[in-house]
Amino acid sequence: MKVKVISRNPDDYLRETKHDIHKVPRNYDPGLHPFEAAREYTRALNAVKLEKVFAKPFVGNLDGHRDGVSCISNHPKRLSVLISGAYDGEVRVWDLPQKLCLRNFVAHEGVVRGVIYNPSGNHFLTLGDDKTIKTWKTAAPQFGEEEEPVNTVISKTVLTGISHHVKDPVFATCGEICQVWEETRNEPVRTFEWGVDSLHDIAFNPVEPNLLASCASDRSIILYDTRDSGPLRKVVLKLRTNKICWNPMEAFIFTAANEDYNLYTFDTRNLKKPANVHMDHIGAVTYVDYAPTGREFVSGSYDKTIRIFETSKGHSREVYHTKRMQRITCVQWSLDNKYILNGSDEMNIRIWKARASEKLGPLKPREKAALNYSEALKEKYAAHPKIRRIARHRHVPKHVYNAQKELRTIRDKGKRKDANRRAHSKPGEVPHQPEREKHVLKEDH
Amino acid sequence: MESDTSENYEDFYTEDDAQKHEKLVDKVLSLNKTQHIRKPSRTEPTLQISEFNLVKSSGGDKGSVEINDLTKSLRNRKSRLRISENVKRAHKASHTLPKPLEKPQANKIRRTVAYEKTRLELDRWEATVTANRVSTNLSFPLNDDVKMDQKESENFASMWRVKSKLAEELEKHEPTVEEYHISLEQEEFPLTMKEMLARRKEAAKLRAYQGYKEAKARRQNKIKSKKYHRIQKREKIKKKLKEFEQLQKTNPEEALKKLEEIEKSRIEERFSLRHKSTGKWARNQQIRAKYDKESRQNLAQQLTLSRDLTQKSKTNGSSSEEEDEDVEKAPMGIDETNPWVNGVKPGKEVADFISGYRKYWLEQNKTAQKSDVEKTEDVLENSENIDSNLIKLDQPESNKNVLLKKKKQKIVTSDLNFDVEETVEKLEKVKKVPQKKKKQKRNEQMNNSKSTSEWEVSLVENGEAVEDMFNRTENKLKKKMLRNVKQLKKKLVPKTLAKPQREVAKDKVKVDLSLPIQKKTPQIDEALIENIDAEIRSNEELSNLKTILSSQTKQRPCDIDPEKYLKINPTNLATGIPNIVTNEEVDDQRAVISEAFEDDDIVEEFNKDKSNESDKDKPKNINLTLPGWGSWGGTGIKVNKRKKRRFTMKAPKKIPRKDDNKGFLIINESAQNKVKEHMVSEVPFPFKTVKDFEASVRAPISNTFMPETAYKKLIKPAVTTKMGTIIEPMSKDLLLNKNS
């Protein structure tokens with residue numbers, strides 16, 4: 001009798017393991033590798049193509065709000081907790097990994113203007129259009145207990161924004177005036193006024209916590225010192241600044257999201273002109289937040305896109321959008337530098353990866369090395385046209401594309417006009433004005 | 001009277017009906033129709049205390065205590081005498097504080113002081129920040145301090161573990177001691193005595209600075225004296241001039257701006273009509289002028305000033321020396337009593353300014369001249385010494401000459417464009433005369449000195465002549481000053497466009513701590529290539545054709561003789577590879593080849609190939625007719641000829657090719673295209689030369705071509721983060737220099 005025995009080569013069905021990689025003596029003499037440049041270039045090309053293949057930045061969506069999301073805030077000690085406020089006065093606490101709403105309650109009458117955790121993370125403060133500042137416990141109420149604020153402060157003035165000191169139990173609010181509060185007291189510790197216009201955003205410097213910056217509706221950015229002296233200086237730009245964010249790693253740098261579609265990075269020590277102008281948005285920039293590494297920042301705009309900028313560069317490295325995402329109201333970079341969270345007008349909070357093609361979860365050392373290698377290759381060959389084209393190619397919605405085209409023609413026209421004027425006037429009469437010097441109107445003492 | 005009544009009432013009423021009593025008092029008081037201001041009392045602690053509620057305690061209120069009363073009671077006792085004396089002294093020494101500055105002004109001062117301080121504070125971070133920016137690989141979180149909180153996470157898992165009965169029993173017997181983690185913040189010591197003192201000192205310093213500024217502002221605000229303000233203005237002008245001068249040296253562009261500013265101020269002064277005779281004051285003066293000499297003078301002064309202001313532009317416009325002289329001559333011989341003739345010196349600020357400006361330049365020139373003179377004198381002294389030594393030395397003259405020549409060169413090359421050369425020559429001439437005399441004498445004496453040049457140098461004996469000369473040159477210089485300024489203006493305008501970079505460098509006051517970048521990689525800072533999903537590709541062919549059509553218009557002139565190319569000798573490229581092939585060998589090979597292909601008509605064949613190749617690249621006509629548009633379509637129906645003709649895009653007949661005139665050569669132009677699209681067309685940003693960029697790309701980084709250790713170093717990412725770790729903002733622990 002003939003018995004058929006399955007005999008297969010284990011190489012065909014077994015996966016390669018680390019034991020199969022043998023040390024091979026290699027001769028690194030470049031003379032023996034005439035095609036090393038070509039081979040590396042091909043690898044770089046493949047790496048950049050694969051990056052595009054894996055670029056799937058959208059992670060998840062938190063829905064539950066019944067009105068547009070007005071503000072969100074990270075927990076200072078936990079990565080998985082997020083808190084959000086909406087235009088109908090509702091506040092929700094979210095569990096990010098499970099995409100679950102843990103808690104929801106109506107905190108204010110009218111819009112919730114600001115939500116912020118205190119540094120220890122056991123309380124959070126909300127601030128609403130009803131001129132109240134409410135303090136809530138982070139721990140959810142027990143069964144049967146009602147949601148009640150620990151403390152409610154009724155302010156005498158309208159409140160529009162809040163920012164918390166990094167360590168101390170001190171926070172600042174803005175509105176008609178800038179006020180500094182202590183958590184344990186019901187009246188502001190200090191109030192600052194400079195001019196009559198209202199303020200709509202405020203930010204504590206996380207590194208030098210005595211410094212405060214706020215933006216006013218008279219198109220200015222005002223710096224304050226919380227210790228004794230009060231207002232320090234004022235910069236007036238051409239259009240209004242919507243939001244301000246300090247670099248968490250560079251004490252003197254802050255970035256302002258402006259109504260004129262641009263972001264301006266300022267050095268506090270030299271406010272005459274911005275250190276950098278970041279362009280690419282095609283609508284008013286409504287929000288900006290720095291990555292905790294201080295190397296990048298993310299901005300949300302009225303043009304329904306999120307863009308990621310490198311601090312030192314004038315153009316964005318990434319643009320995020322989805323079909324259903326409407327005007328962006330708030331964006332946050334998660335504290336582990338991995339995710340970006342944004343709230344938008346259409347009631348959803350979206351979670352994105354900070355690097356679109358990054359693999360999530362723990363990596364094996366070999367995998368990590370391979371990814372690092374491809375990253376290094378991409379960096380090395382970044383200037384090569386094919387690689388550059390693939391790496392920088394993005395699909396954008398039609399309205400963005402068209403608006404960009406229009407904007408480009410407008411800019412070109414301006415440039416052409418300047419050039420013509422320069423050409424046809426006495427030399428030196430119409431000097432070339434660099435982009436960085438165009439936007440600051442004046443610096444007030 | 002009120003007090004009396006209230007006292008009386010007090011006797012009657014008990015504490016219980018104090019309210020009633022108060023009401024009654026109020027009513028009684030209201031009978032007496034005068035209004036009484038009562039001392040307000042605060043019920044709630046507030047931050048903002050109204051200034052209107054502050055009542056002078058010495059205003060007669062009974063409740064207030066006066067220190068004098070207290071000391072009065074002490075006076076009797078001898079042991080306390082000193083206290084009362086001290087109080088008295090303090091009273092005497094005290095004086096009312098000055099009125100505070102106007103609020104906006106005071107605030108401004110405070111803000112500037114505070115901003116400067118914070119700026120200095122922020123400067124401390126410069127080093128840390130730059131180090132981080134430059135570093136090629138940073139791992140976050142930056143501060144690796146072991147935090148107490150991390151222990152919590154270790155215990156976290158144990159919270160969920162179900163405890164066995166035994167464990168519970170054990171716990172009962174030995175209750176675990178709860179560990180209290182003290183966070184680092186609380187552990188921090190409060191300030192030491194030394195630090196506290198230092199901080200206080202600093203605060204005091206700051207306050208003193210602010211106080212000083214305020215005091216100064218107050219002082220200046222108070223002064224009404226016109227003279228003071230005039231002096232102040234003059235000083236300001238002087239300062240401006242000094243700045244202008246300095247700017248001219250360091251930053252010509254700014255200097256130009258300043259010059260324009262000065263000019264502008266003059267213009268403003270001019271069209272303000274302040275110095276005309278039409279004002280009320282001027283008319284009054286005119287009436288008085290008949291009898292009063294002083295007013296006449298005043299008027300005259302005014303008028304001259306106005307004239308001066310209007311004339312300035314003229315002088316500015318004309319640069320010739322004669323006109324300048326005229327202007328200067330005019331005021332010389334004038335009747336002082338006649339106000340309508342420009343005679344009196346301008347006295348007002350602007351005139352001062354102008355004169356100051358002039359004076360300044362004069363001084364400047366003088367000093368330059370003086371230094372020159374001093375130098376020449378030094379040289380002369382040297383030469384004199386040499387003269388005295390002449391007896392011993394043989395060739396002193398040449399020495400001197402060299403020296404003077406050097407001097408001359410120096411003057412010529414110095415950046416002042418004045419005609420100093422002339423003066424030097426004149427000097428030389430002046431010197432020659434006595435020198436000759438001396439020389440003769442010397443020759444008589446020694447007869448052994450040699451003269452190697454045409455002229456010699458000696459001590460100038462007639463100092464007056466030189467002085468005169470200098471005066472003359474000075475005058476000339478003075479006149480040329482304006483011209484120079486103008487020239488400078490002209491020169492600078494194009495320069496300003498040329499060097500914005502240097503400008504920027506100058507603007508930056510901060511110390512540039514930037515380190516050389518360790519790992520240079522191309523930095524691409526450009527907009528993303530953003531496209532909508534449906535890409536437009538339909539017209540690609542058409543656009544191609546259009547480009548071809550447009551390129552055809554730029555045909556190269558074909559004036560190259562093909563014969564020349566056939567005869568041309570091969571040129572050897574400058575390569576390191578030795579050229580082994582000799583001519584004989586080549587000839588041999590040719591013979592062999594010709595023998596082998598004797599029968600074939602190679603030339604014919606080659607031409608055929610070439611024409612085929614060129615045909616291949618030729619653009620074809622594109623037929624754009626759409627069958628069925630405006631006519632019937634379908635099988636068997638021919639498209640109208642007229643239509644065909646109309647909608648066909650005709651390709652150009654001949655497109656110039658690279659190998660057109662190269663005889664026996666076919667160049668495949670499209671062969672390069674495939675490689676071309678992979679090649680970098682321009683040097684990317686941080687690199688400055690092609691060589692640099694090539695060097696950065698040349699070395700491989702992969703482990704197939706590199707040892708493992710090098711590979712690991714090369715692929716290290718710029719930023720590494722720990723998974724699930726919160727990156728906190730930079731803390732002051734990372735500050736390199738915490739004290740400053």
Side-chain angles (χ1 to χ4, degrees), chain A residues 28 30 33 36-37 40 43 77 79 166-167 187 206-208 211 225 229 231-233 248-252 268-269 280 292-293 295 313-316 319 335-337 362 369 372-373 375-377 379-380 382-386 388-389 392-396 398 400-401 404 427-428 431-432 445, chain B residues 46-47 108 110-115 118-119 121-123 125 129 132 138 140 185 493-494 496-497 500 510 521-533 677-681 684 693 696-698 700-702 704-707 714-717 719 721 723-730:
Chain A
Y28 294 118
H33 303 287
E36 60 183 12
E40 260 197 356
R43 279 178 200 177
K77 303 276 178 197
L79 292 170
V166 206
K167 277 180 190 163
E187 275 210 57
V207 192
E208 283 282 353
L211 263 183
D225 190 337
S229 36
L232 298 177
R233 198 146 282 207
M249 290 295 158
E250 296 172 6
F252 41 79
T268 314
R269 300 164 303 164
D280 264 358
T293 56
R295 293 280 177 111
K313 286 179 186 172
H315 288 284
S316 58
V319 54
L335 291 177
D336 59 347
N337 198 30
N372 285 347
Y373 173 53
E375 209 58 44
L377 279 178
E379 209 176 318
K380 184 182 168 189
H384 288 246
K386 277 266 167 171
R388 183 147 92 178
R389 189 185 66 76
R392 298 199 69 80
H393 185 265
R394 297 287 182 284
H395 284 306
V396 287
K398 216 176 227 170
V400 174
Y401 180 78
Q404 226 160 21
H432 172 72
H445 301 281
Chain B
T46 53
L47 263 179
K108 200 169 184 181
R110 210 185 35 172
R111 283 192 299 253
T112 41
V113 170
Y115 177 71
T118 38
R119 210 160 81 159
E121 263 183 6
L122 288 173
D123 266 344
W125 291 97
V129 167
N132 279 355
L138 269 182
F140 290 98
E185 292 148 38
V493 171
T496 54
L497 293 173
K510 305 271 153 24
T521 48
Q523 306 276 315
I524 289 154
D525 189 7
E526 55 171 30
L528 295 167
I529 307 157
E530 286 165 17
N531 267 325
I532 34 179
D533 294 348
E677 59 187 3
H678 289 277
M679 299 212 297
V680 182
S681 54
F693 176 59
S696 84
V697 177
R698 193 177 299 131
I701 55 170
S702 90
T704 35
F705 314 114
M706 290 292 247
L714 284 169
I715 63 162
K716 225 172 194 181
V719 173
T721 54
M723 185 182 260
T725 316
I726 286 168
I727 302 164
E728 271 170 10
M730 189 176 270

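Residue numbers begin at 1 in each chain, while the letters A, B, ... track the order of the sequences.
- In this structure, CE on A:Met249 lies 10.0 Å from CH2 on B:Trp125, to the nearest 0.5 angstrom.
- In this structure, a donor-acceptor pair under 3.5 Å is present between the side chains of A:Arg43 and B:Ser702.
- Scanning for salt bridge (Lys or Arg N to Asp or Glu O under 4.0 Å) contacts around B:Arg110 gives an empty result, with sequence neighbours left out.
- Both the backbone and the side chain of B:Val697 have a heavy atom closer than 4.5 Å to some heavy atom of chain A.
- In this structure, CD on B:Glu728 lies 8.5 Å from NZ on A:Lys167, to the nearest 0.5 angstrom.
- A distance of 13.0 Å separates NZ of A:Lys380 from CD1 of B:Ile715, quoted to the nearest 0.5 Å.
- Remark: B:Glu526 engages A:Arg388 in a salt bridge, criterion side-chain N to carboxylate O under 4.0 Å.
- The two residues B:Ile524 and A:Arg392 make their nearest non-hydrogen contact at CG2-CD, 3.8 Å.
- At most 12 non-hydrogen atoms from other residues, nucleotides or ligands lie less than 6.0 angstrom from NZ of B:Lys108.
- When side chains are defined from C-beta on, A:Phe252 does not count as touching B:Arg119, because their heavy atoms never get closer than 4.5 Å.
- Taking every heavy atom of both residues into account, A:Val396 and B:Ile532 meet most closely at O-CG2, 3.3 Å.
- Side-chain contact check for B:Leu122 versus A:Leu211: some heavy-atom pair is nearer than 4.5 Å.
- Within the 3.5 Å criterion, the main-chain N or O of B:Pro717 finds no donor-acceptor partner in the side chain of A:Asn372.
- Relative orientation of the A:His384 and B:Phe693 rings is tilted, given thresholds of 30° and 60° on the angle between their planes.
- Heavy atoms closer than 4.5 Å to chain B are found in the side chain of A:Asp280, but not in its backbone.
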